[in-house]
Amino acid sequence: MLEFGDPLSDAALGSCPPVSPVSSMPSYRTNQTMTSASNPFLEDQELLSGFSVEAGESLAEVESQLLHLEEAFDAAVVDNLFRAIHSVKGAAGFMQLHSICELAHGLEDLLSKVRSRDLNIDHAGVEVLLASADKLRDMVKDPAANASTDVSKFLQELSAWEKSQAAACDSRETSTVVDETLETLEKLEQICTQPESPATPTPEANRSEPLKSNEEAPVQASAPAIVAAISNTPPVAQTPKAAEAVVSPPASSDHPSSATKSPNTDATIRVSVAVLEELVNLAGEMVLSRNQLLRCVTDFRSKSLTNVATRIDQVTTAMQDVVMSARMQQVGTLFNRFPRLVRDLNAKLNKKCRMVIEGADVELDKTIIEALGDPLTHLIRNSLDHGVESPNARVAAGKPQEATLRLSAYHQAGKVHIEIADDGQGVRSEKVLSKAIERGLVTQHQAARMSEREIVNLIFMPGFSTAETVSAVSGRGVGMDVVRTNIERIGGTVDVNSTAGQGAIVHVTLPLTLAIIPSWIVQQDAFRFALPESSIVEFIRLSRKEFTERVDCIHGAKVLRWRDELLPLIRLTDCLGGAQEPENGSCQPQGSATNIVVVESGKHLFGIIVQRVCDPEQIVVKPIGKHLRECGYLEGAAVLGDGNVAFILGLHGIAQRAQLSASRRLIEMVAPPDPIEAQTALLFRTSESRLAAVPRMVIQRIERINTPDVQEVTGRFILPMGDKQLPVIRLPWIDAVEREKECTTAYLLIFHLFGQEIGLMVPDLVDICEIPTSVDARHSNQEGVAGTVLINDQVVEVLDLYEIADRVLDLSKKQASAKAGRSAEESKAMTILLAEDTPFFRNQIKKFLVESGFRVLTANDGCEAWELLESHANEVNLVLTDIEMPRMNGYELAKQIRQVPRFETLPIIAITSLHTDECLAKGHLVGIDDWKIKLDRDELIESIKLQISSKKRVSVHY
Amino acid sequence: MIANHYHFELMTFRIGTQLFGIDIESIKEINCHLKIVPAPLPDPTVLGVINLRGDVLTVVDLGNTLKIPRSRNSATTDKFIVLRCDEERIALAVEKLEDVTSISRDQIQPLPSNFRSNRPEAYKGLVKMENEVLLIIDAEAMTSPAVC
């Protein structure tokens with residue numbers, strides 16, 4: 001690049017403005033002012049990008065070499081460094097990129113002194129050099145924009161350090177002189193390399209002179225300048241040393257191809273990534289065509305043809321391998337940035353950590369390497385910030401003061417594994433767990449079943465950060481889940497394994513390439529879909545019987561009982577446009593078995609019901625057109641081995657289409673404690689404008705039926721179900737709507753009445769929702785309607801199923817009256833104290849009880865109940881109490897009752913809309929005998945009778 | 001105006017009985033022997049995709065897009081006109097390929113005021129032929145999905 005051998009002449013010197021010998025840099029400034037008016041090179045994009053790439057390559061190793069120097073002086077390394085900076089300087093000078101040239105010069109200048117051992121490189125020196133080298137690398141990335149960036153700050157830093165070092169030096173005078181000599185020489189050299197410089201009269205003559213063999217030559221050549229510079233220097237003995245120092249750099253840069261680069265550099269050419277990608281694509285096509293060809297050839301049974309085909313087969317396979325390997329890069333290109341990162345972090349965090357890199361020669365697809373930078377940086381930061389202890393803490397724990405962070409890459413089972421292992425304190429699982437529970441990422445219940453490894457891996461959950469204080473280095477709470485997302489995006493996985501006190505290992509597995517994705521092909525209707533293997537959790541195949549056992553329907557939404565949790569299920573066919581009406585309600589399996597693919601994608605975990613699971617296949621992803629992308633659930637296509645096309649299913653789009661709420665957490669089968677009193681109700685339409693609700697707890701299950709299946713027998717309706725007959729209630733005012741719509745399907749809400757199943761037929765279900773308990777009973781002019789509530793400003797009638805059933809079904813009415821008669825006898829003179837704050841429930845329950853022949857005293861809250869109990873102490877046989885009440889709640893009431901000796905055996909039944917184990921335990925503690933659901937009439941009355949009779953026996957016994 | 005700008009060539013084809021033309025400049029190739037793979041889409045104008053030498057191309061049913069009834073003889077297999085466009089290539093499925101016709105720009109007439117179409121932007125104009133009218137299709141409009 002720079003040819004120091006270029007002649008120097010008086011003419012050349014003459015053309016250069018006089019240079020101040022005091023400052024070390026201004027020689028370049030003068031050049032700059034000379035030519036900065038217009039730089040023709042900035043116009044030439046090709047030249048600029050060529051410079052950028054080349055300079056970038058030259059500088060790539062600078063950082064690691066500087067770090068190496070910090071540990072030990074190595075003349076060879078200094079030489080390399082010098083050459084790298086020097087070639088950048090030369091090229092920048094030629095391109096008239098003055099700022100870059102200036103900075104490179106400053107660096108080169110220092111390095112030359114380091115090389116001649118005039119300066120001793122120390123920690124601060126490396127710091128300064130690193131900062132400048134970083135700046136230089138940034139600048140060469142976009143040379144045009146940085147043509148005149150101000151680099152004086154860096155130059156000042158460099159010279160400041162130089163001065164401080166020089167001050168420590170004994171022969172200060174000498175070195176200054178040498179510096180100046182160097183400066184002058186550099187300047188001369190720079191002038192000579194300007195191609196447009198007129199001073200090239202006899203190039204051949206000078207070039208032919210072997211520089212190394214005759215070190216006098218350049219000294220002679222620059223004699224006037226040197227003489228001028230050293231004229232005031234007493235110790236002449238220093239001059240040869242100075243000359244030597246000057247000579248060697250140009251000598252090496254004179255043969256750049258042999259000295260600075262490895263011999264095989266000549267054997268490589270630059271190819272644009274786009275061309276390479278196209279090649280990969282075509283190679284993929286070639287493979288597919290070959291597969292088809294081979295299939296045809298076997299049909300022909302021609303020997304010569306078979307031979308050719310075999311040859312093509314082999315060549316194609318080889319070609320594919322070669323093309324794929326062309327995209328590969330050594331992971332070392334990425335790893336090399338991390339020693340610097342660790343060094344900087346050590347300084348920032350006051351830690352001592354050594355980095356060991358293993359397997360830097362492992363090759364990975366270029367795209368993957370690019371995508372891996374950020375996640376790995378984050379993981380290393382995390383290790384240093386959270387994992388590695390401070391030196392003192394390490395010594396206290398009996399570990400070596402200096403921690404070791406091992407970054408290794410290796411091949412295994414067709415995948416590339418990267419491990420980041422530190423010997424720090426490890427991930428503290430109890431801390432992770434408590435944080436996760438606190439953040440609501442897992443419930444106590446789930447936590448109890450988690451393994452150590454599972455707990456540690458909670459750190460990858462969105463919204464998790466254990467850092468007690470947010471530090472500048474890591475712990476912003478968004479880190480680890482982003483790491484996981486990024487790694488998963490390139491088809492990899494990440495996992496932490498930690499041993500408390502001994503360190504943590506973060507394990508990243510990556511596919512070799514992104515161009516080919518291992519996938520499973522599934523079929524649905526006429527379509528074939530490819531599901532990337534990385535997003536599949538497992539396959540489940542349910543027989544008809546298992547399906548009915550394990551799949552539940554909640555208002556048309558299917559859920560699978562899956563490892564103690566409920567997994568949302570969606571039918572693929574429902575999600576695809578152009579398919580038939582989504583068959584929402586049916587909970588019946590289709591065909592003899594159901595195939596479910598459990599998939600995980602970002603926020604969603606769900607099961608997809610597909611028709612058929614075909615084979616696993618390595619697919620080459622093809623982009624698809626706008627029309628297809630628009631739907632949101634197709635992400636690409638793949639040409640399968642048989643030439644057919646499969647679509648790559650976008651799980652996110654599917655989840656959206658199925659309207660899955662964005663929650664990764666599964667619904668736990670145990671209902672969470674729900675202290676707020678609310679009633680869940682099923683909403684359905686009774687006519688175009690009217691909605692009705694029935695309490696959810698009363699309904700045992702919901703069935704979807706075909707209306708013609710319901711048979712009429714003497715005015716009553718029966719639905720044959722297996723060998724049983726299910727009495728069906730049809731509401732007269734609903735019937736009218738139904739007939740109008742000519743529905744052929746309907747839903748049966750099945751509930752129990754006197755131990756018998758009864759179905760209420762409704763045309764369609766609207767929703768399941770929480771209804772307010774403030775039921776207004778005033779407007780219930782229709783029989784069977786308990787009252788009305790407002791839901792979203794719409795009046796909804798709350799039905800009293802028992803009343804409807806009693807009225808509609810003659811038989812059950814007879815039974816009911818017979819039973820009620822008996823009950824009335826049994827419960828003669830029995831008085832029940834009912835404490836319930838909600839008027840609707842109070843009235844409903846009171847109605848049940850009175851119908852069953854009990855006398856009922858009602859109270860609006862615990863306090864009132866207590867007063868009533870005290871005033872009617874001898875009459876009350878049983879207390880029926882709500883839990884959530886104002887002034888005094890059910891627990892307090894029970895506790896107070898039990899404190900009075902004479903009420904010790906008084907039966908107390910709690911009535912709730914929902915109860916949990918926790919409530920039961922608490923209730924048991926304060927003396928509640930039984931728990932019942934508010935509107936479950938039969939159960940409640942049975943329980944009352946049981947409690948009264950057993951308590952009677954107990955009291956008799958005493 | 002330069003002559004070769006003045007005249008241009010149209011690839012003509014039929015859907016049902018209607019004659020259409022597309023500027024030959026926007027056509028990349030014509031292919032008749034490809035199997036359509038249906039696509040799971042709600043959009044009825046997309047017939048599916050074809051595998052054209054390893055590239056997956058969307059097949060747009062021109063008849064359905066423009067609501068032009070097809071001929072009763074449904075046995076005729078579709079021909080694909082592969083359009084070249086800035087961003088992507090798509091294939092137009094048409095019923096019967098005709099000829100390449102050269103026309104001059106001044107032959108193109110605007111559509112009559114009583115012409116109604118669900119996709120008016122799809123037409124560049126019409127040309128009066130001997131016995132019938134040729135509708136010129138805008139290739140650009142075909143490559144963007146219908147605004148629903």
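None of the values given here were measured: they were computed from a predicted structure. Lettering follows sequence order; numbering is per chain, from 1. Quick note: numbers below take in every heavy atom, side chains included, and nothing from hydrogens, waters or symmetry partners.
- Scanning both residues, B:Thr58 and A:Gly625, for their nearest heavy atoms gives OG1-CA, 3.5 Å.
- Using a 4.5 Å cut-off between heavy atoms, B:Val56 touches chain A through backbone and side chain atoms alike.
- Of all the heavy atoms in B:Pro38 and A:Phe647, the pair that sits closest is O-CE1, 3.4 Å.
- Shown here is B:Glu25, whose CD atom has no more than 12 heavy atoms of other residues, nucleotides or ligands within 6.0 Å.
- Of the two parts of A:Leu282, neither the backbone nor the side chain holds a non-hydrogen atom closer than 4.5 Å to a non-hydrogen atom of chain B.
- Looking at A:Leu628 and B:Val49, their side chains come closer than 4.5 Å, going by heavy atoms from C-beta outward.
- By the neighbour-count criterion of 12 heavy atoms within 6.0 Å, atom NZ of B:Lys128 is sparsely surrounded, having that number or fewer from other residues, nucleotides or ligands.
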